[in-house]
> 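Below are the structure tokens for one structure; questions will follow.
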Amino acid sequence: MDAFDLFRKLGAGAKFDLKRFGQDAARFKTHKPKGTDVSDPFSSIDYFGKASTNKPQEDDCEDGEVLNESEESDAGDKRKRKHEQTDVKTNVKKRKKSKVANIAEPNKPSGGEGISWTSDLDKKILNLQNGDKEKNSLKRLKHLHQEKVNRIRAQHRINVHGCDVPDPLCTFEELQSEYRLHSRILQNLNDAGLDSPTPIQMQAIPLMMHVNKDTSILTLCDCSGKTLAFCLPLLSHLQQPANLGFRAVIISPTRELATQTYRELLRLSDGVGFRVHIIDKASLAAKKYGPQSSKKYDILVSTPNRVIYLLNQDPPALDLCSVEWLIVDESDKLFEEGKTGFREQLATIFLACSGPKVRRAFFSATCTPDVEQWCRLNLDNLVTVNIGHRNTAVETVEQELLFVGNEDGKLVAMRNIINKGFLPPMLVFVQSIDRARELFHELVYEGINVDVIHADRTQQQRDNVVKSFRSGHIWVLICTALLARGIDFKGVNLVLNYDFPTSAVEYIHRIGRTGRAGHHGRAVTFFTENDKPLLRSIANVIKQAGCPVPDYMIGFKKIHR
DNA sequence: GTGCTCG
């Protein structure tokens, strides 16, 4: 297999653009570490290699339809068979693992690669395997313990799937006692007023702490607290600053989200000395991280294309071979296919993380059938965690569908909301950049503090808008999909879907900007005759979140492609 | 349709 072949396989079935990636592929070949087995350092070969042969099946679901647990049986037989296959695979692995555990020497610490995690209780059981007397009572103890864990998970609606999933964490203090988290970080947490973990943090943190190399984690969570859920184990895992170059990379779909994550990391690691970096401008960063620079950095937060730009320099201005953790935030967006899709960009970055112990974690609020299928097919040792029902909107948001007739009706209804007196801040979502501009010009003369954000504005403008929206100077912010994901504004009171969302997933992301951290929020969605095709799937989401919806909408026929 | 390098 030559480098091009290899690279094509690594591209996860993404369209292979020879012109664009030829250079990468060639470099990949020359960068192969000397004297190492090909299959070893590039564990990602398996990871992507299967993709080209097992390209995910056409999805049986209707376009944009959310796959609910209850509806899963509706999906085609193909999917079912696939799930069964995966289950069999998991069982085999489970058996293998328990075999390893049985032959392990009782007094040796069981930290080998075969056993990913053993609780204290498990260790006791191993130690006493030959002493039958206490064996039974210990078994009972273990059973009780498992029941307790199950109860905690049920209480917080934590669902896990995969083998060797560690127990949930109940207090942040356990991080210090169990994982030697820097005491200063714990103090920073307390200073920020964070005293107990949210459900996603309870499960994702211990999971990331126990994970082996080559294990991947998929985390689905509609609640806030995701950023902390991966930042804490990351800092805990890196222990302290080291001059090895970047050891962790976090990829976000928008610059705004990257900035937010970066700031969270700074706040969290204050006083510990970790060198956290965000690429503000790739051309500047080229000097900063280039071959001549010393390797005094630890964590990188960035959008994908900036990383790629640096990797494409000759010689590469960024070295990711010491990366131990690769975290993909809002991964469903980043897995989206498109003409110049995020997916190929991710493939390039995965490739560049060529270290021997890369762990990967994917975080997202929603799970498109695409992402899940892809993960199941391509990742070994996949563990998934999801909180609550998958693909549902948060329950703290009061949701409403409003028929406005036609385009003109939207403006009338919008003015109506404003005149009736609304509680700012309000986030208004539109379909395109042009429509964002138009609506802005309509509203700017109304005497309300309104501004607009989209990717065509300069970075300076974007930063300013976000800042003044956070500080309350802007009451109404018109935006495109740019702000749909992950951005955490404190106390957005109303999300207005001025243009109908393009899918149920998009809808869930948009309204997730309100009702955060347990606060009450409201979401109003305008619809016209033209929006009928997607009305049903979104009405379903709203209904499932417990908000009233007219029955006739649910009765609409499913759309088929 | 949206968002992701540089100049």
Side-chain angles (χ1 to χ4, degrees), chain A residues 14-15 17 19-21 23-24 63-64 249-261 277-290 300-314 316-318 320 328-350 352 364 366 368 370 407 427-439 452-459 461-463 465-466 478-487 497-510 513 530-531 533-534:
Chain A
K15 269 169 256 150
D17 186 341
K19 214 165 99 190
R20 194 158 155 210
F21 289 137
Q23 204 189 343
D24 283 31
D63 201 273
V249 176
I250 302 168
I251 302 293
S252 308
T254 62
R255 297 197 278 253
E256 276 69 17
L257 186 56
T259 310
Q260 182 179 292
T261 308
H277 290 255
I278 185 163
I279 309 180
D280 341 82
K281 210 150 175 80
S283 51
L284 289 177
K287 283 179 204 149
K288 214 157 139 194
Y289 310 123
L300 180 66
V301 187
S302 177
T303 47
N305 237 348
R306 286 184 158 156
V307 174
I308 289 172
Y309 178 80
L310 295 183
L311 291 171
N312 280 342
Q313 303 289 303
D314 193 26
L318 186 62
L320 297 180
V328 179
D329 202 2
E330 301 296 341
S331 45
D332 59 334
K333 176 70 185 172
L334 287 161
F335 273 113
E336 202 176 68
E337 298 231 36
K339 207 176 166 196
T340 53
F342 277 127
R343 208 159 124 174
E344 348 183 307
Q345 296 174 8
L346 269 191
T348 312
I349 295 171
F350 281 144
S364 173
T366 57
T368 58
D370 234 20
E407 277 306 316
L427 214 46
V428 182
F429 281 99
V430 290
Q431 237 299 346
S432 68
I433 292 173
D434 282 338
R435 286 188 54 83
R437 285 198 193 103
E438 283 167 26
L439 184 60
V452 60
I453 187 168
H454 49 69
D456 267 5
R457 303 202 76 185
T458 65
Q459 193 55 48
Q461 286 170 323
R462 281 164 65 164
D463 290 345
V465 168
V466 170
I478 300 161
C479 62
T480 58
L482 181 79
L483 285 192
R485 283 156 195 273
I487 297 291
N497 288 315
Y498 191 85
D499 287 340
F500 209 68
T502 53
S503 70
V505 166
E506 172 85 8
Y507 175 78
I508 292 167
H509 278 291
R510 283 186 185 183
R513 296 318 100 213
N530 299 334
D531 301 317
L534 271 171

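These numbers were taken from a predicted model, which means no experiment stands behind them. Numbers restart at 1 for each chain; the letters A, B, ... are given by sequence-line order, proteins then strands.
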> Go through the structure and list residues passing side-chain contact (heavy atoms from CB on, under 4.5 Å) with D456(A), not counting sequence neighbours.
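Result, side-chain contact (heavy atoms from CB on, under 4.5 Å) vs D456(A): I433(A), R437(A), H454(A).
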
> To the nearest angstrom, how far is Q459(A) atom CD from dT5(B) atom P?
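These atoms are roughly 9 Å apart.
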
> Do any side-chain nitrogens or oxygens of R255(A) fall under 4.0 Å of OP1 or OP2 in dT5(B)?
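Looking at the OP1 and OP2 atoms of dT5(B), one of them is under 4.0 Å from a side-chain N or O of R255(A).
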
> If you assign S283(A) and E256(A) each to the DNA chain B nucleotide with the nearest heavy atom, which residue ends up on the more 5' nucleotide?
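Its nearest nucleotide being more 5', the pick is E256(A).
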
> Whole angstrom is fine here: how far is it from CZ in F342(A) over to C1' in dT2(B)?
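My rounded result for the distance is 9 Å.
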
> Just N and O in the side chain of T502(A): are any of them under 4.0 Å from OP1 or OP2 of dT2(B)?
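For dT2(B), neither OP1 nor OP2 has a side-chain N or O of T502(A) closer than 4.0 Å.
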
> Which whole-number value in Å describes the distance from D332(A) CG to dT2(B) P?
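It works out to 19 Å between those atoms.
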
> As a test of understanding, state which of R485(A), H509(A), E506(A) forms a side-chain contact (heavy atoms from CB on, under 4.5 Å) with K333(A).
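Output: one option passes, namely R485(A).
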
> Between P on dC6(B) and CG on D314(A), what's the gap in Å once rounded to a whole number?
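So the two atoms are 19 Å apart, to the nearest Å.
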
> Which whole-number value in Å describes the distance from Y507(A) OH to dG1(B) P?
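These atoms are roughly 25 Å apart.
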
> Classify the nucleic acid contact of K281(A) as base, sugar-phosphate or nothing, counting any heavy atom under 4.0 Å across all strands shown.
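Contact class for K281(A): sugar-phosphate only.
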
> For S432(A), what residues pass the side-chain contact (heavy atoms from CB on, under 4.5 Å) criterion, not counting sequence neighbours?
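D434(A), R435(A).
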
> Taking any heavy-atom pair under 4.0 Å as a contact, classify I433(A): base, sugar-phosphate, or nothing.
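Sugar-phosphate only.
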
> Given atom CZ of R437(A) and atom P of dT2(B), what is their separation to the nearest angstrom?
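Taking atom P of dT2(B) as the reference, CZ of R437(A) is at 10 Å.
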
> Under 4.0 Å, heavy atoms only, any strand: does R435(A) hit a base, just the sugar-phosphate, or nothing?
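Nothing, no nucleic acid heavy atom in range.
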
> For dG1(B), does OP1 or OP2 lie under 4.0 Å from any side-chain N or O of T480(A)?
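Indeed not, no polar side-chain atom of T480(A) lies that close.
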
> So do the side chains of R513(A) and L483(A) get within less than 4.5 Å of each other, counting heavy atoms only?
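Sidechains of L483(A) and R513(A): no contact.
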
> Strictly below 4.0 Å: does R462(A) bring a side-chain N or O up to OP1 or OP2 of dC4(B)?
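Checking dC4(B) against R462(A), a side-chain N or O does come within under 4.0 Å of OP1 or OP2.
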
> Do you know the tightest heavy-atom contact between L482(A) and A455(A)?
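Reported closest heavy-atom pair: CD2-N, 4.4 Å.
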
> When the distance from CZ of F429(A) to C1' of dG3(B) is rounded to whole Å, what number comes out?
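Checked: the CZ to C1' distance equals 14 Å.
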
> Between atom CD in Q431(A) and atom P in dT2(B), what is the gap in whole Å?
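Nearest whole value for this atom pair: 7 Å.
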
